[in-house]
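Reading through the structure tokens given below for one structure.
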Amino acid sequence: MIESVQLRQRGAYDFESHYDNLCAMQDSCPLPAVKAHLAQGVLDINGDRVRVNDWAPILNTIKINKSLEFIAVRSYYTPPSEENEKKALIEKRKMPSIRSKEITYRLCKALKECLSCTPNLACLELQGLPLRERDLQTLIKGLAKNETLNHLSVEFCRIGDGGLEVLCKGIKNQTSISSINLTGCSLSWKGADALAKVIKLEEDPILLDNTLVWVNLLIPSPGYNENLSKLTPLVI
């Protein structure tokens, strides 16, 4: 059964009904965890509990959605130690589908489409996902077009300095984002430097208590205290 244009148009503002329809098309049951907070405009998924076949209706609904205000996809899976090769091989077979290159790429493609068209999405949280360069390159295409996002989190996604440099390309001209969570992203001073370069403020940067804040280090200008109170911290 092919999804109709009318169905897509309605589904853009009704995540639950569109998700239910797509599940019915592939003869699968909608996941209660996906629908748990939709009434509040929130989609918060533990990706470790989503099977491979269950991702398609979720991602196809995300990519056309214009109503959600908060989207979070999380993974709490801990990769096995390589010390015990036999146990590591068994655990690898049990690895959640969200850890695979295919699913993270499809997720980022869906988020790119959503970011490009949404008039409501304010918060995007990706937690503990093994985001690769291809994923980030896809995601930033949506970030570059978005005008609604206030908060972006890639907490414990281990993107490293290289990944942050890619991410910075997507947010360098962003005017809506006021906070970024980079906790546990395996960053060094190189990553912090890449982030500092895209923050277009007149003051000079300093790093204080793991939070990048901005102050005038030299000669305070008139209205200095007032301007300082308006600065927004970026969580690193």
Side-chain angles (χ1 to χ4, degrees), residues 1-77 96-100 102-131 135 138-143 145-157 174 176-181 183:
M1 182 177 179
I2 300 176
E3 185 182 3
S4 67
V5 175
Q6 292 82 1
L7 186 62
R8 285 175 60 87
Q9 290 175 341
R10 290 195 302 269
Y13 290 95
D14 188 346
F15 189 102
E16 184 171 358
S17 66
H18 191 75
Y19 171 62
D20 286 343
N21 285 332
L22 293 186
C23 286
M25 288 181 186
Q26 69 169 33
D27 196 25
S28 64
C29 294
L31 302 179
V34 171
K35 301 163 65 172
H37 306 290
L38 294 178
Q40 290 78 45
V42 173
L43 176 66
D44 197 335
I45 305 173
N46 180 349
D48 296 338
R49 299 179 179 179
V50 181
R51 297 173 300 178
V52 175
N53 293 337
D54 290 327
W55 278 110
I58 296 173
L59 300 180
N60 287 332
T61 307
I62 287 176
K63 72 179 183 181
I64 67 165
N65 186 264
K66 296 181 180 181
S67 63
L68 292 175
E69 298 177 12
F70 180 104
I71 295 179
V73 181
R74 313 180 192 278
S75 175
Y76 303 98
Y77 175 79
S97 59
I98 189 60
R99 312 293 299 184
S100 71
E102 178 190 358
I103 298 299
T104 56
Y105 180 56
R106 287 168 57 190
L107 170 63
C108 288
K109 284 178 65 177
L111 291 172
K112 179 198 74 171
E113 297 297 329
C114 178
L115 286 165
S116 300
C117 70
T118 179
N120 290 306
L121 187 62
C123 180
L124 174 60
E125 295 188 0
L126 303 176
Q127 179 182 343
L129 307 184
L131 297 180
D135 303 330
T138 301
L139 186 64
I140 64 172
K141 293 177 182 178
L143 290 172
K145 296 179 181 179
N146 181 267
E147 298 179 351
T148 64
L149 202 66
N150 299 137
H151 177 70
L152 172 66
S153 175
V154 286
E155 183 179 2
F156 290 106
C157 288
Q174 253 281 354
S176 64
I177 293 180
S178 60
S179 61
I180 305 174
N181 189 344
T183 303

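Throughout, numbering of the chain's residues begins at 1 and tracks the sequence.
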Answer yes or no: does atom CG of Asn120 have more than 12 heavy-atom neighbours from other residues, nucleotides or ligands under 6.0 Å? yes
Interatomic distance, CG@Leu143 vs CG@Leu152, rounded to 0.5 Å, equals 6.0 Å
Under 3.5 Å, is there a donor-acceptor pair between the side chain of Thr118 and the main chain of Cys114? no
Heavy atoms of Ile58 and Phe15 approach each other most closely as O-CZ, 4.3 Å
Any side-chain donor-acceptor pair under 3.5 Å between Ser67 and Asn65? yes
CG/Leu43 to NE2/His37 distance, rounded to the nearest 0.5 angstrom? 9.5 Å
Would you find more than 12 non-hydrogen atoms of other residues, nucleotides or ligands less than 6.0 Å from Lys35 atom NZ? yes
Check whether Asp14 reaches the backbone of Arg10 with its side chain - one donor and one acceptor, N or O, closer than 3.5 Å. no
What I want to check is whether the side chains of Asn150 and Ser178 have a donor and an acceptor closer together than 3.5 Å. no
Any chance the side chains of Glu102 and Ser100 put a donor and an acceptor closer than 3.5 Å? no
After noting the C-alpha distance and the side-chain angles of Leu121 and Phe70, does the key distance pass the side chain to side chain contact (heavy atoms under 4.5 Å, CB included) rule? CA-CA 6 Å; Leu121 187 62; Phe70 180 104; 5.6 Å; no
Locate the shortest heavy-atom distance separating Gly142 from Ser116; write the atom from each residue and the value. CA-OG, 3.8 Å
Using modelled atom types only, decide if a donor and an acceptor are shared between the side chain of Gln174 and the backbone of Ser176 within a distance under 3.5 Å. yes
Between Thr183 and Asn181, is any side-chain donor less than 3.5 angstrom from a side-chain acceptor? yes
Which heavy-atom pair separates Asp20 from Pro30 by the least distance, and what is that distance? OD1-CG, 3.4 Å
When rounded to the nearest 0.5 angstrom, what is the spacing between CZ in Arg74 and CZ in Arg49? 12.5 Å
With distance as the sole criterion, is a donor-acceptor pair present between the side chains of Ser97 and Arg51 under 3.5 Å? no
Whether Tyr76 side chain and Asn46 backbone form a donor-acceptor pair below 3.5 Å: no
Distance in Å, Leu124 CG paired with Leu68 CG, rounded so as to fall on 0.5 Å steps: 11.0 Å
Value rounded to 0.5 Å, distance of CD in Glu155 from CG in Leu129: 11.0 Å
When you compare the side chains of Ser179 and His151, does any donor N or O come within less than 3.5 Å of an acceptor on the partner? yes
Set out, in order, the CA-CA distance, both residues' side-chain angles and the distance that settles side chain to side chain contact (heavy atoms under 4.5 Å, CB included) for Val50 and Ile98, then state yes or no. CA-CA 8 Å; Val50 181; Ile98 189 60; over 6 Å; no
Can you tell me if Thr104 and Asp135 form a side-chain donor-acceptor pair at under 3.5 Å? yes
CD1/Ile180 to OG/Ser153 distance, rounded to the nearest 0.5 angstrom? 10.0 Å
Could you check whether Arg99 pairs with Asp48 (Lys NZ or Arg NE/NH1/NH2 to Asp/Glu carboxylate O, under 4.0 Å)? no
If we only count heavy atoms from C-beta on, is the Ile71 to Glu125 side-chain gap below 4.5 Å? no
What pair of heavy atoms forms the shortest contact from Pro119 to Lys66, and how long is it? CD-O, 3.2 Å
Check Leu131 against Cys108 and note the closest heavy-atom contact, atom names and distance. CD2-SG, 4.1 Å
Determine, step by step, whether Lys112 and Leu115 satisfy the side chain to side chain contact (heavy atoms under 4.5 Å, CB included) criterion, reporting the C-alpha distance in whole Å, the side-chain angles of both residues, the deciding distance to 0.1 Å, and the verdict. CA-CA 5 Å; Lys112 179 198 74 171; Leu115 286 165; 5.8 Å; no
For Leu139 and Leu126: C-alpha separation, side-chain torsions, deciding distance, then whether side chain to side chain contact (heavy atoms under 4.5 Å, CB included) applies. CA-CA 11 Å; Leu139 186 64; Leu126 303 176; 4.1 Å; yes
